[in-house]
A.B. asks: 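Below is a structure I'd like to ask you about.
Each chain gets a letter, A, B and so on, in the order the sequences are listed, and its residues count up from 1.
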Amino acid sequence: MKIATFNINGIKARVNALTDWLDEAQPDVALLQEIKSVDENFPRELFEDRGYSVETHGQKSFNGVAILSKLPLEDVQRGLPGDETDEQARWIEATVVGKQALRVCGLYLPNGNPAPGPKFDYKLSWMERLYHRARELMQSEEPALMAGDYNIIPQEEDAKRPEAWREDALFRPESRAAFRRIVNLGFTDAFRARVQGPGHYSFWDYQAGAWNRNDGIRIDHLLLNPQAADLLVDCRIDSEIRGREKPSDHVPVWAEMDI
DNA sequence: ATGTCCAATTTTATTGGA
């Protein structure tokens with residue numbers, strides 16, 4: 001099973017880029033972030049015509065997450081538990097039913113800039129809630145993964161110019177420590193389990209020719225609990241599509257799972 | 001500090017978010 005995460009930066013603007021990539025990469029499951037659409041306006045037929053089940057958790061203008069799956073989805077949950085007053089659509093999870101069940105969680109973690117400030121506080125409190133959900137997935141002992149745009153640069157090797165991100169909410173010590181606290185529960189960063197070394201990025205800013213200079217950062221991650229990590233076969237970044245027409249500023253990251 | 005892009009409203013121009 002091939003499972004991918006992709007921050008598309010707006011479904012309306014990314015219909016062609018997304019369908020082209022789906023047709024080529026043929027993921028069984030795609031976790032999408034920043035659909036920037038309410039559920040009613042999401043062009044679900046485009047994906048249903050390609051054999052995908054579609055589950056969305058959208059909102060007007062910003063954020064929004066979705067799951068596309070060629071296998072049946074069960075027990076869909078929308079919204080990250082822990083704060084009933086949080087109205088930002090950043091979390092969706094479901095069970096993918098294959099020969100073995102896999103719980104998949106799609107997330108769009110808050111950017112957090114400017115830091116310090118209320119947006120940074122929201123990022124850290126959201127990560128505290130994520131920690132609690134992650135602990136439950138660890139205790140379940142069933143294969144589970146959390147994938148999406150974490151808006152976290154884990155290490156210096158995950159940025160072309162780490163010094164430029166030193167004060168940024170994506171790289172500040174508090175952000176990275178909150179990320180490590182979750183990983184340290186026992187999750188595997190699927191990409192780093194398969195590929196080592198610098199120069200591997202999943203986001204390049206639209207500005208200042210970042211793509212042409214390969215001035216990127218790795219902020220889209222798949223975290224696997226131990227039962228899911230047992231099934232990991234490969235993990236790659238489809239960086240090439242960043243150079244196409246009307247690209248998202250992110251590219252897909254996918255894992256092949258023996259399931 | 002920003003050379004870009006996206007969505008929505010203030011709508012053929014501006015603003016917020018990233």
Side-chain angles (χ1 to χ4, degrees), chain A residues 5-21 31-44 46 56-66 80 86-92 106-127 130 147-154 158-172 174-176 178-179 201-221 237-253:
Chain A
T5 175
F6 189 6
N7 179 324
I8 58 174
N9 189 16
I11 184 61
K12 196 173 169 184
R14 217 64 64 206
V15 160
N16 290 333
L18 177 56
T19 53
D20 285 353
W21 170 74
L31 304 170
L32 307 179
Q33 301 90 41
E34 282 205 90
I35 64 173
K36 296 187 177 180
S37 164
V38 293
D39 296 336
E40 307 83 78
N41 292 344
F42 190 80
R44 52 188 309 128
L46 277 175
T56 59
H57 180 40
Q59 69 178 90
K60 195 174 171 183
S61 303
F62 306 119
N63 307 322
V65 287
L80 181 63
D86 184 2
E87 295 185 348
Q88 298 192 32
R90 296 179 174 276
W91 179 269
I92 188 169
L107 67 97
Y108 176 45
L109 204 147
N111 177 292
N113 281 305
K119 292 188 175 183
F120 191 57
D121 295 341
Y122 174 64
K123 177 176 197 154
L124 295 180
S125 66
W126 203 93
M127 294 185 80
L130 178 59
D149 178 0
Y150 278 76
N151 269 315
I152 295 283
I153 304 165
D158 297 311
K160 174 73 169 289
R161 295 182 303 125
E163 68 282 359
W165 298 91
R166 202 65 69 188
E167 304 297 322
D168 194 281
L170 278 60
F171 195 57
R172 289 177 71 95
E174 305 96 310
S175 306
R176 298 165 63 197
F179 181 75
Y201 312 124
S202 66
F203 168 94
W204 296 259
D205 201 291
Y206 288 121
Q207 298 190 67
W211 166 249
N212 290 327
R213 301 189 344 251
N214 195 25
D215 183 5
I217 51 177
R218 192 176 71 91
I219 58 175
D220 299 87
H221 310 299
I237 301 175
D238 283 342
S239 49
E240 167 264 333
I241 74 161
R242 183 62 177 80
R244 295 185 181 181
E245 288 291 305
K246 268 180 79 85
S248 171
D249 40 8
H250 295 250
V251 297
V253 185

A.B. asks: Could you measure between the two C1' atoms, the one in B:dC6 and the one in B:dT11, and give it in whole Å?
C.D. replies: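 My reading of the C1' atoms in B:dC6 and B:dT11 gives 15 Å.
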A.B. asks: According to a strict under-4.0 Å criterion, is A:Lys246 in side-chain N/O contact with OP1 or OP2 of B:dC6?
C.D. replies: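 A:Lys246 to B:dC6 OP1/OP2: side-chain N or O found under 4.0 Å.
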A.B. asks: Side chain of A:Tyr108 only, heavy atoms from C-beta on: which candidate in B:dA18, B:dA8, B:dG16 is closest?
C.D. replies: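 Of all the options, the side chain of A:Tyr108 is nearest to B:dA18.
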A.B. asks: Just checking, A:Arg176 and A:Phe171: is the charged tip under 6.0 Å from the six-membered ring centre and within 45° of the axis?
C.D. replies: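 Flagged: A:Arg176 positioned over aromatic ring of A:Phe171.
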A.B. asks: Can you tell me how far P of B:dA8 sits from CZ of A:Phe62, to the nearest Å?
C.D. replies: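 Going from A:Phe62 (CZ) to B:dA8 (P), I get 8 Å.
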A.B. asks: Rounded to whole Å, how long is the line connecting atom CG of A:Asp249 with atom P of B:dG17?
C.D. replies: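 Atom-to-atom, A:Asp249 to B:dG17, this comes out as 17 Å.
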A.B. asks: To the nearest Å, give me how far apart CD1 (A:Ile152) and C1' (B:dA18) are.
C.D. replies: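 From A:Ile152 CD1 to B:dA18 C1': 15 Å.
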A.B. asks: Calculate the interatomic distance between A:Lys60 atom NZ and B:dA8 atom P; express it in whole Å.
C.D. replies: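 After rounding, the reported distance stands at 7 Å.
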A.B. asks: Of all the choices, B:dC6, B:dA7, B:dA18, which nucleotide is nearest to the side chain of A:Ser61 once you look at every atom?
C.D. replies: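 Minimum distance to the A:Ser61 side chain belongs to B:dA7.
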A.B. asks: A:Asn111 CG to B:dC6 C1': how many Å, rounded?
C.D. replies: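 In whole Å, B:dC6 C1' lies 15 Å from A:Asn111 CG.
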A.B. asks: So if I take every side-chain heavy atom of A:Lys119 and compare against B:dT4, B:dG17, B:dA7, which nucleotide ends up nearest?
C.D. replies: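 Ranking B:dT4, B:dG17, B:dA7 by closest atom to the A:Lys119 side chain puts B:dG17 first.
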A.B. asks: Which whole-number value in Å describes the distance from A:Phe120 CZ to B:dA18 C1'?
C.D. replies: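 Distance, rounded to whole Å: 16 Å.
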A.B. asks: Verify the distance criterion only: is there a donor paired with an acceptor across the side chains of A:Tyr122 and A:Asp86 at less than 3.5 Å?
C.D. replies: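 There is such a pair (donor and acceptor under 3.5 Å, judged by atom type) between the side chains of A:Tyr122 and A:Asp86.
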A.B. asks: For A:Asp220 and A:Ser202, which I'm curious about, is there any donor-acceptor pair between the side chains at under 3.5 Å?
C.D. replies: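 Result is yes, a qualifying pair exists.
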A.B. asks: Would you kindly give the CD-to-P distance between A:Gln88 and B:dG16, to the nearest whole Å?
C.D. replies: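 The answer, rounded to whole Å, is 17 Å.
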A.B. asks: Determine: side-chain N/O of A:Arg14 to OP1/OP2 of B:dC5, distance under 4.0 Å, yes or no.
C.D. replies: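 No, A:Arg14 has no side-chain N/O under 4.0 Å of OP1/OP2 on B:dC5.
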A.B. asks: Got A:Phe42 and A:Leu32 here, is their nearest side-chain heavy-atom distance under 4.5 Å?
C.D. replies: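 Counting from C-beta outward, A:Phe42 and A:Leu32 do come under 4.5 Å.
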A.B. asks: For A:Asn63 and A:Gly209, find the nucleotide of DNA chain B closest to each by heavy atoms; which residue's nucleotide sits nearer the 5' end?
C.D. replies: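 Its nearest nucleotide lies further toward 5', so the answer is A:Gly209.
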A.B. asks: To the nearest angstrom, how far is A:Gln59 atom CD from B:dA18 atom C1'?
C.D. replies: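 In whole Å, B:dA18 C1' lies 14 Å from A:Gln59 CD.
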A.B. asks: Expressed in whole Å, how much space separates the P atoms belonging to B:dT10 and B:dC5?
C.D. replies: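 Comparing P positions in B:dT10 and B:dC5 gives a spacing of 25 Å.
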A.B. asks: By nearest heavy atom, map A:Arg213 and A:Glu34 onto DNA chain B; which one lands nearer the 5' end?
C.D. replies: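 This one resolves to A:Arg213.
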A.B. asks: Closest to the A:Gln207 side chain: B:dA7, B:dG17, B:dT4?
C.D. replies: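 For the A:Gln207 side chain, the nearest candidate turns out to be B:dT4.
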A.B. asks: Is the terminal nitrogen or CZ of A:Arg218 (NZ for Lys, CZ for Arg) located under 6.0 angstrom from the six-membered ring centre of A:Tyr201 and within 45° of that ring's axis?
C.D. replies: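 A:Arg218 over A:Tyr201 ring: no.
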A.B. asks: Could you work out the separation of B:dG16 and B:dT2 based on their P atoms and round it to a whole Å?
C.D. replies: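 So the two P atoms sit 15 Å from each other.
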A.B. asks: Applying a 4.0 Å non-hydrogen cut-off, can you work out what A:Ala13 is touching in the nucleic acid: base, sugar-phosphate, or nothing?
C.D. replies: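 Sugar-phosphate: the residue A:Ala13, judged by heavy atoms under 4.0 Å, touches backbone atoms but no base.
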